[in-house]
Amino acid sequence: MDRMDHLEHLDKHLVDELAQVARETVRDELREQTRKQRRKATLYAASGAAALYAGAAVALAVGLALAVGLPDWAAALITAALLGIAAYLLRAAARPHASGPGSGVGGDAPAMPAGAPSVPPMPPVAPGVGGTAGAPGTGTVPTAPGDAAATAPRRDDTGPEAPRERG
């Protein structure tokens, strides 16, 4: 039995050592990938800063060019208006477009045809109630021959406060 305990101890030691090697390997790989991603993010940030300064230089050049023929305040005002228009157009380009009236937030819903009602049509009387006249507004609905005539509930007596008859 002593030999089995010794082998069990060796197995446990081997599993612990393999787990430690696997952890170190994964940690080193993640560290290397993080280093590459950090370098890429730094380069993107530097590129964005350079583009910002380039845009400012272009705006300054436009303002100075306009200042040749206009007063300085007018040139600055026109340059600011041009930058505002560019910002508005870029924001509009970044937003999802609605395809028309009746479309959903994402623009996925089909547009309603022109002249279509905003709510579905409603019958003038409740369906399934017996009656013979059937004319709109009379409160009756035509049924099969031989049924007794009964009046359908009107819209104004079907509210939550309306009295209810129990039969």
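Every heavy atom of this structure was used, including side-chain atoms; hydrogens, water molecules and symmetry mates were not.
- Scanning for side-chain contact (heavy atoms from CB on, under 4.5 Å) contacts around Leu60 gives Leu64, with sequence neighbours left out.
- The side-chain contact (heavy atoms from CB on, under 4.5 Å) search around Ala59 returns Thr79, Leu83, not counting sequence neighbours.
- Scanning both residues, Ala75 and Gly63, for their nearest heavy atoms gives CB-O, 3.4 Å.
- Among residues two or more places apart in sequence or in another chain, the side-chain contact (heavy atoms from CB on, under 4.5 Å) test is passed with Ala76 by none.
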Would you be so kind as to tabulate the donor-acceptor pairs closer than 3.5 Å made by side chains of residues 23-32, with sequence neighbours excluded?
from  : atom 1 : to    : atom 2 : distance (Å)
Glu24 : OE2    : Gln20 : NE2    : 3.4
Thr25 : OG1    : Val21 : O      : 2.8
Glu29 : OE2    : Gln33 : NE2    : 3.4
Glu32 : OE1    : Arg35 : NH1    : 2.8

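- Leu18 belongs to a hydrophobic cluster whose other members, connected by ILVMFWY side-chain contacts under 4.5 Å either directly or through intermediates, are Leu14.
- With sequence neighbours excluded, no residue forms a side-chain contact (heavy atoms from CB on, under 4.5 Å) with Ala56.
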